[in-house]
Structures are given as structure tokens and as C-alpha cells.
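Step one of this worksheet: look at the structure below.
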Amino acid sequence: MRNISKFQLTSIIFFCLCTLVHGQEIKKAAESIMRNDLGRNISLKEEKRVIPAPAKKKAEAAAKQKFSNDFIYIYTATEKGKVKGYGFLDNVYGKAMPITFLVIFDPKGNIISSSIVKYREQYGGEVADKDWNKQFKGKNSGSDYTVGKSIDAISGATISVNSVTKGIKKLAVLFHEII
């Protein structure tokens with residue numbers, strides 16, 4: 001093993017700590033969104049779940065978009081022992097950076113809400129607008145997700161709109177494959 005300078009070691013430690021803090025920031029934001037949409041008294045269980053290959057293939061084909069990872073984070077929200085909903089946390093790519101988003105489903109697979117948890121691009125951040133995200137409420141794996149038809153386009157945010165919309169459809173299809 002080669003020698004590592006103090007500067008390199010400090011840089012590596014700093015990078016690891018930033019990654020950990022960033023991950024905690026996203027987790028806290030996702031949990032806050034779940035509680036806002038499903039109630040403050042819910043219990044949340046977070047699970048990092050590997051996506052089974054057949055389910056992954058079906059969801060990717062339906063949405064015409066690949067998953068950025070072989071796993072997603074699933075939050076199961078319960079209240080008094082009854083499942084109130086599921087939150088699927090995933091990433092899609094905008095023009096160059098990942099967009100982290102959360103889709104909350106009812107137990108039957110209908111979308112309760114969608115939210116952008118972390119937007120990193122310089123342009124196109126309008127996809128984080130609550131009013132734009134409201135149009136996904138009630139949609140499911142069989143719904144129309146055509147931008148410009150059933151999903152509003154946003155001038156100046158074309159890439160982000162298309163990417164997030166496909167990502168939401170992909171998760172709606174995946175829901176029925178793994179829940």
C-alpha cells in the first residue's frame with residue numbers, strides 16, 4: 001500500500017463525512033415529507049431494497065428509462081399496525097446531475113404525492129414546485145404520463161420534466177412488482 005499524505009487522508013475523511021451528512025439530510029427530508037403527507041403519528045420503517053431483475057426490466061421498459069442503481073429506498077408507513085402508505089425514494093438524472101425524488105403510494109399503488117427531495121441542477125428546478133407535482137396524485141401504473149398531454153410541460157425545464165415524469169412512472173410500475 002502506498003503512503004498517503006495527511007492532506008489526502010484529510011480529504012478522504014472530509015469526503016466520507018460530507019457523503020454521510022448528505023445522506024442523512026436526504027433521509028430526514030424524506031421522512032418529513034412522509035409525515036406531512038400521511039400524518040405525524042405514523043411509524044416509519046426504511047429499507048434499502050435490491051430491485052429484482054424481472055421487476056427492474058418491466059419498470060424500465062414501461063417508462064423508457066433505466067434505474068440509476070440496482071436498489072431503491074422504500075419507507076413503509078404504519079399507524080396502529082395498519083399500513084398507510086409506502087414511500088419510494090429514488091434518483092433520476094437531469095441534464096448532468098441526479099435529482100432525488102420521493103413518491104408516496106397508498107397500499108393499492110395509487111400515488112398520494114410526489115416530491116423533489118434534492119435538486120442539484122442549475123436550471124429546471126421548477127419540477128420541485130408543489131403545484132406541478134400535484135398532477136401525479138391519483139395516478140398509478142396504468143395511468144398516462146405523457147408530457148404535454150396529461151403532464152404539464154415547463155418551459156426551460158424540459159429535461160427535468162421528462163426525467164422526473166419517467167422516474168415517477170417507473171416507480172408506479174415497480175410498486176406492483178415488489179409490494
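None of these values were measured; they are calculated from a predicted model. Throughout, residue positions are numbered sequentially from 1 according to the sequence presented.
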Using the test side-chain hydrogen bond (donor to acceptor under 3.5 Å, both in side chains), find all partners of [X] that sit at least two apart in sequence or belong to another chain.
X	answer
Asn36	Arg40
Asn41	none
Lys166	none

Look at the side chain of [X] and the backbone N and O of [Y], then say whether any donor-acceptor pair between them is shorter than 3.5 Å.
X	Y	answer
Glu121	Met97	yes
Lys139	Asp144	yes
Glu79	Lys84	no
Gln65	Gly167	yes
Asn110	Asp106	no
Thr165	Val161	yes
Arg49	Ile178	yes
Trp132	Glu126	no
Ser160	Ala157	no
Lys45	Tyr75	no

Distance under 6.0 Å and angle within 45° of ring axis: Lys169 vs Tyr145: no

Joint cluster assignment, Val92 & Ile111, ILVMFWY side-chain distance < 4.5 Å: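 Yes, same cluster.
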
Shared hydrophobic cluster for Val117 and Ile72 (ILVMFWY, side-chain gaps under 4.5 Å): no

Salt-bridge present (Glu25, Lys118; N to O < 4.0 Å):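 Result for this pair is yes, salt bridge flagged.
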
Ionic contact status for Glu46 with Lys27, cut-off 4.0 Å: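 Yes, charged N to carboxylate O under 4.0 Å.
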
Output field: ring centroids Tyr86/Phe105 closer than 6.0 Å: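 No - the distance between ring centres of Tyr86 and Phe105 does not fall below the 6.0 Å cut-off.
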
Heavy atoms from other residues, nucleotides or ligands near CD of Glu47 exceed 12 (cutoff 6.0 Å):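 Atom CD in Glu47 is packed in, count exceeds 12.
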
Over 12 non-hydrogen atoms of neighbours within 6.0 angstrom of CG in Asn69: yes

Minimum-distance pair of heavy atoms, taken over all atoms of Ser150 and Gln135: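 Scanning both residues completely, I find the closest heavy atoms to be O-OE1, 3.9 Å.
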
Nearest non-hydrogen partners of Lys56 and Ile51, listed with the distance: CB-CG2, 3.6 Å

Working for side chain to side chain donor-acceptor pair (under 3.5 Å), residues Ser114 and Asn133: CA-CA 6 Å; Ser114 64; Asn133 276 277; 2.7 Å; yes

Stepwise side chain to side chain contact (heavy atoms under 4.5 Å, CB included) check, Phe67 with Leu174: CA-CA 11 Å; Phe67 280 97; Leu174 182 65; 3.8 Å; yes

